[in-house]
Amino acid sequence: MYYRKAGIILPIIVVLLLSGSALRAQENALERTGYTAPDKVSDKVSDKVRDKVSDRVSDKVRDEGQYTPVDTLDEVVVAADRIREIVPAQRLSGRQLQSLSSNSIADALRYFSGVQVKDYGGIGGLKTVNVRSLGSQHVGVFYDGIQISNAQNGTVDLGKFSMDNMELLSVYNGQKSDIFQSARDYASAAALYMVSRRPRFKGDRRNNLNFKVRSGSFDLIDLSGLWEHRLGEHFSTSANVEFLNTSGRYKFRYSREGGYDTTEVRRNGDVMFVRAEAGLFGRMPKTDFMLKGYFYWSERGYPGAAVKKDYGISLLNEDRQKDRNVFVQSSLTHEAADFYSFKVQAKYANDYMNYVMPPHSTVQPMDNHYWQQELYLTVSNLFSLNRFWSANLSCDVQWNSLDADGTEMFNANFIQPRRLTVLSAAATSVSFDFGLSAQASMLYTYVHDMSRRGMETAGDKNEWTPAVIVSYTPWKKAGLSIRAFYKKIFRMPTFNDLYYVQLGNRNLRPEYTSQYNVGIAYARTFPGTWFAGMQASVDVYYNTVKDKIIATPTSNQLVWTMVNLGYVEIRGADIVLAPSLQFGPVGISARINYTYQKAQDFTETKKDEGYEGVISTYGDQVPYIPLHSGSAVLGVSYGTWNFNYSFVYTGERYMLGGNVPVNYIQPWYTSDLSLSKVFRIRRTELGVTVEVNNIFNQQYEVVKWYPMPGTNFRITLSLTI
Amino acid sequence: MRTIKSGTIFLLIPFVAAVCGCRGELPVLPSEPVEVNPWDTVSGDICGFFVLNEGNMGSNKASLDYYDYTTGVYTRNIYGERNPDEVKDLGDVGNDIKIYGGKLWAVINCSNYVEVMDVQSVKHITKIAVPNCRYLAFKDRYAYVSAYAGPVKIDPDARIGMVVKIDTATLEIVDSCIVGYQPEEMAIVGNKLYVANSGGYRVPDYDSTVSVIDLVNFREMYKIPVGINLHRLEPDRYGNLYVSSRGDYYYTPSKTFIIDTRTDVCTDTLHLLPNSNMTLCGDSLYIYSTEFSYLTNDWTVSYAILNTLTRQVVTRNFITDGTDGNIQVPYGLAVHPVTREFLVTDAKDYVSPGTLHCFSPDGKRKWSVTTGDIPAHIVFTRKPLIPLEQ
């Protein structure tokens with residue numbers, strides 16, 4: 001079946017390849033005929049772009065001490081005098097990001113401090129991210145500036161986002177402290193921003209072409225192509241297609257000292273996806289424009305928990321999931337006057353998901369279809385009143401719908417929910433010459449739920465939530481700054497929480513989080529010396545999650561409901577250290593993260609019954625949150641050679657159900673190596689990357705009974721014309 | 001220079017950790033004995049009881065606990081250390097436990113097998129694969145296991161259930177018989193095997209029958225129409241069979257039905273007796289209920305005793321000292337056949353360790369102990385458990 005689909009997709013890629021080379025040929029022909037008119041124009045543009053790039057790079061070096069030349073173009077900064085981010089985010093970008101061995105965005109996020117990635121074992125398994133133990137539903141995920149939402153269950157599966165063509169990942173605690181943003185940028189407890197590559201052209205080039213082929217363990221085949229084209233002075237286009245297929249099969253081993261020892265094969269973990277993106281980008285002196293379309297289609301098996309099975313019979317997990325995600329988004333930023341800029345963003349998303357449990361693998365067959373739609377519009381208005389003071393007013397309107405088709409029972413009780421959300425944010429920033437910057441924002445959220453079938457829905461919500469961010473840099477030259485923030489925010493109960501048939505509870509309240517953070521950051525470069533620079537930061541924080549929405553069983557294993565029960569307190573520290581060395585042609589950069597998190601569950605019902613012989617789990621560490629975790633990355637570059645070593649450590653944790661011996665999960669740590677070399681033949685670049693992951697073949701689990709792969713290999717060939 | 005040194009050290013940390021850090025293997029999980037009630041003297045011939053903890057689905061945490069009446073020691077998780085070579089311990093979701101002859105039988109639902117152990121050593125003897133197996137019953141030389149998953153060919157869209165017949169001497173499946181949808185508990189009265197069909201996976205088309213199987217030729221004779229979503233069966237001493245219905249959690253509440261096994265007709269419906277689980281001791285039928293409604297998103301718990309002779313409710317709360325307020329979700333119930341002390345387990349939030357409470361015959365709490373996850377099924381033993389030789 002896959003091969004038939006592959007048969008459709010491969011020709012598309014071939015056509016792209018051919019048209020790409022045709023274009024190149026055409027361009028060469030133009031050069032030969034001395035057709036030079038557009039070059040002047042493009043020179044001008046590229047100068048401008050170069051200036052902006054170098055501006056941004058120098059900003060970045062100042063902000064976070066990044067020394068390898070960062071070939072990243074951020075969102076363009078239009079407003080001249082605006083106040084920039086008060087507290088910089090953790091970022092991974094450019095070559096550093098690409099040289100980390102990552103199958104998906106989720107893998108790359110392991111290198112951020114304070115971030116926990118939950119990985120349900122296997123290539124196709126669900127991957128979610130949790131920042132500072134607040135819960136994955138509190139993390140806003142933004143793609144090229146606009147949030148990706150999932151009104152159905154509130155979490156974004158990061159396994160579905162490819163690293164191909166990704167240029168920048170940044171994680172913010174609290175919120176992005178850049179003032180010029182939509183109300184939704186203020187509306188989550190933590191945020192992950194994914195920024196894909198924006199076209200840029202070297203010299204007089206009008207087209208960029210890049211092809212990648214990747215293969216390796218798990219029968220992986222991954223093909224991608226990128227074509228960027230310059231349209232006149234101000235506009236450019238970009239098209240990117242990727243196809244991936246993997247069997248997701250790998251061996252895993254479970255053993256006990258002096259006891260059983262079993263090796264099994266992870267099955268039903270295959271994935272096939274096609275991703276296509278196209279963009280139109282415009283950049284004029286006071287205006288920045290982007291229009292982007294995204295298409296993703298996938299079919300995958302859900303490998304399930306590797307619990308004890310009797311293989312004499314056939315009830316093995318055969319769950320399948322199909323996804324189709326489409327969105328179109330656009331943004332326009334314009335500096336209307338010296339003191340006033342505005343930004344308009346719009347998005348339409350249409351998602352389809354099909355989950356199948358085939359009748360031969362289960363006694364409760366399922367074939368559920370879900371359709372989600374989202375319409376989103378936001379306007380942000382930035383007033384830069386003077387050099388010290390700016391203010392932003394933004395208003396977002398969002399409409400979500402969920403339709404479904406499942407069992408008779410499901411359909412009879414499914415309410416077909418619709419949700420209208422209106423968000424308004426008012427924010428103000430000050431930045432004084434003596435080194436003090438501050439931002440305060442207030443967000444108002446109105447949520448109105450409806451049922452297409454006229455059934456009862458949850459009541460309207462009106463919530464006001466504030467945030468304050470302060471940063472103080474006493475001596476600019478010393479590179480030292482002190483920062484602090486407070487933020488209160490909530491997450492709405494999702495459609496599943498409220499209305500899922502035989503689970504949902506309409507009476508749920510929003511789940512509130514409060515965050516208090518203080519930190520100190522140091523960033524300095526030492527140009528011309530071998531100790532090229534150093535970036536370091538330490539943050540300590542205290543968070544609470546109140547009215548946590550949890551599933552609770554009622555009378556038997558099949559009948560659950562959602563309640564506002566949990567209360568969690570989190571005390572933690574994040575430490576980042578990134579030194580950078582330069583010995584002649586050899587550049588060494590390192591990045592070390594350490595996270596300490598004491599996340600305690602003080603849910604009222606877990607309180608001690610006060611009986612002897614009864615263990616209390618009140619105040620226990622939250623499941624799957626390690627007390628200690630960290631990562632280290634070491635990159636060495638020498639000319640066109642690049643070597644990368646990365647190490648991830650996750651300390652001991654407990655699975656669901658209290659910190660008792662049966663729930664203990666061993667620490668795990670993996671080491672990954674990658675080596676890459678770029679060959680330059682005239683204007684063509686051929687890159688070769690070889691990766692060995694989990695080199696010590698450690699058998700580990702992120703989630704109990706979801707085994708992760710042992711040693712695995714990958715090779716990537718990349719051709720840039 | 002100091003900065004340089006510390007930088008180098010930091011760079012070395014991961015290498016050192018990676019090279020030296022060969023992780024030790026996980027040991028076999030040891031049992032955890034807790035002394036809970038050393039003060040009582042033993043009465044009768046009951047030596048102790050086993051508790052089978054279900055463990056939440058997908059967590060592979062079915063576990064076995066043992067309480068020793070001679071020492072008053074409750075020991076959690078005895079299976080692993082007695083059977084270290086059994087891959088992944090007991091498996092996923094324990095659903096029933098019974099003793100027959102010298103063997104201890106446990107049904108492991110989501111791991112699709114029946115575990116057979118020696119009752120005195122709890123050493124593994126064999127496992128018998130039965131897809132989606134649920135409950136046990138015994139008569140003469142045979143064991144009967146109800147299972148959700150009958151043959152696929154009969155009804156490919158929603159598999160009909162079956163009862164499997166196992167020879168207790170050879171420990172092999174000798175026959176099977178198709179019953180209703182998602183069959184649950186069984187009861188044997190005379191030469192007839194009664195099976196409660198729930199149809200719980202077919203909502204809203206619940207099954208509503210009790211299948212009657214003739215044990216002579218092991219074929220279903222007929223189905224008795226009773227009520228939707230049936231679960232438990234308990235015969236009394238007068239030829240009546242009590243049947244529990246879980247209702248639909250919306251409009252049809254849980255209740256108790258009575259079948260006269262002489263005529264095989266449902267003769268009585270006890271509307272005001274919601275029933276999640278029941279157990280008989282003499283003429284007293286102990287019933288607890290946790291009744292949930294999706295209409296109100298609320299649930300009510302009750303603990304009742306019904307006199308099977310008079311068919312009158314003797315009490316609506318057999319826990320008399322008010323400690324029932326500490327029980328979140330009652331999930332298991334057993335009455336000591338000699339002393340009439342009774343045990344109630346609390347499954348709590350299903351993912352945390354549960355609690356077992358022991359009550360005196362007059363309903364006062366005597367002792368409590370933490371169990372495994374979802375303590376559910378209790379069986380008393382007349383043969384003492386032999387301590388593990390070190």
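If you're wondering where the values come from, they're calculated on a predicted model, not measured in any experiment.
The contact between T605(A) and chain B is made by backbone and side chain atoms together, counting heavy-atom distances below 4.5 Å. Using a 4.5 Å cut-off between heavy atoms, L295(B) touches chain A through its backbone atoms (N, CA, C, O) alone. Both the backbone and the side chain of S59(B) come within contact range of chain A, each with at least one heavy atom under 4.5 Å from a heavy atom of that chain. Residue contact with chain A, scored on non-hydrogen atoms closer than 4.5 Å, involves the side chain of H357(B) exclusively. For a residue to count as touching a neighbouring chain, one of its non-hydrogen atoms must lie under 4.5 Å from one of that chain's; by this rule E612(A) touches chain B with the backbone only. The parts of S255(A) that come within reach of chain B are both its backbone and its side chain, each placing non-hydrogen atoms under 4.5 angstrom from that chain. For E32(B), the part lying under 4.5 angstrom from a heavy atom of chain A is the side chain only. In this structure, the portion of Q328(B) lying under 4.5 Å from any heavy atom of chain A is its side chain and not its backbone. Neither the backbone nor the side chain of A412(A) comes within contact range of chain B, judged by heavy atoms closer than 4.5 Å. Both the backbone and the side chain of D89(B) come within contact range of chain A, with heavy atoms under 4.5 Å apart. Contact of L90(B) with chain A is made through the backbone alone, with heavy-atom distances under 4.5 Å. In this structure, the portion of T355(B) lying under 4.5 Å from any heavy atom of chain A is its side chain and not its backbone. At a 4.5 Å heavy-atom cutoff, the contact between D346(B) and chain A is made by side-chain atoms alone. Heavy-atom distances place no part of D620(A) under 4.5 Å from chain B, backbone and side chain included. For a residue to count as touching a neighbouring chain, one of its non-hydrogen atoms must lie under 4.5 Å from one of that chain's; by this rule Y74(B) does not touch chain A. Proximity to chain B (any heavy atom under 4.5 Å) is restricted, for V660(A), to the side chain, taken from C-beta onward. If you measure heavy-atom distances from D85(B) to chain A, the contacts under 4.5 Å come from both the backbone and the side chain.
The backbone N or O of A129(B) lies less than 3.5 Å from no partner atom in the side chain of N112(B), so there is not a single donor-acceptor pair.
Only one option out of Y706(A), W668(A), Y669(A) pairs with Y700(A) in a ring-ring contact (aromatic ring centres under 6.0 Å, His included); it is W668(A).
Ranked by heavy-atom pairs under 4.5 Å with chain A, the first of N60(B), L29(B), N326(B) is N60(B). Considering only heavy-atom pairs separated by less than 4.5 Å from chain B, the leading option among T670(A), D261(A), V662(A) is V662(A). Contact tally against chain A (heavy-atom pairs below 4.5 Å) for V36(B), V87(B), N77(B), D205(B): the top residue is V87(B). Contact count against chain A (heavy-atom pairs under 4.5 Å) is highest for D92(B) among L356(B), N83(B), N277(B), D92(B). Ranked by heavy-atom pairs under 4.5 Å with chain A, the list I108(B), T371(B), T370(B) is led by T370(B). When the candidates G504(A), G258(A), P661(A) are compared by the number of heavy-atom contacts under 4.5 Å with chain B, P661(A) comes out ahead. Chain B forms the most heavy-atom pairs under 4.5 Å with one residue out of N663(A), T262(A), I615(A), T603(A), and that residue is I615(A). Of the listed residues (V34(B), D373(B), V301(B), V351(B)), the greatest number of heavy-atom pairs within a distance under 4.5 Å of chain A belongs to V351(B).
Within the model, atoms OG of S646(A) and CG of N693(A) stand 7.5 Å from one another, a figure rounded to the nearest 0.5 Å. To the nearest 0.5 Å, the span separating OG on S629(A) from OH on Y649(A) amounts to 9.0 Å.
For the residue pair S63(B) and Y79(B), no side-chain donor N or O sits within less than 3.5 Å of a side-chain acceptor on the partner. A donor atom on one side chain and an acceptor atom on the other are found under 3.5 Å apart for D65(B) and N53(B). Between the side chains of D672(A) and N694(A), no donor-acceptor pair of N or O atoms lies under 3.5 Å. Side chains of Q182(B) and S198(B): no donor on one and acceptor on the other come within 3.5 Å.
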Inset, instruction - Go through the steps to decide whether Y120(A) and Y302(A) satisfy the test ring pair (Phe, Tyr, Trp, His ring centres under 6.0 Å), and finish with yes or no. - result: CA-CA 9 Å; Y120(A) 290 82; Y302(A) 255 67; 8.5 Å; no
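Relative orientation of the Y294(B) and F292(B) rings is perpendicular, given thresholds of 30° and 60° on the angle between their planes. In this pair, Y254(A) and F252(A) present their aromatic rings perpendicular. The plane angle is above 60°, beyond the 30 to 60° band.
For R365(B) and Y611(A), the positive end sits near the middle of the six-membered ring, less than 6.0 Å away and at most 45° from its axis.
With respect to the salt-bridge test (charged N to carboxylate O, under 4.0 angstrom), the residues K309(A) and E264(A) do not qualify. Ion pairing between E115(B) and K308(A) fails under the 4.0 Å rule for side-chain N and carboxylate O.
Residue K366(B) places its NZ atom among more than 12 non-hydrogen atoms of other residues, nucleotides or ligands, all under 6.0 Å distant.
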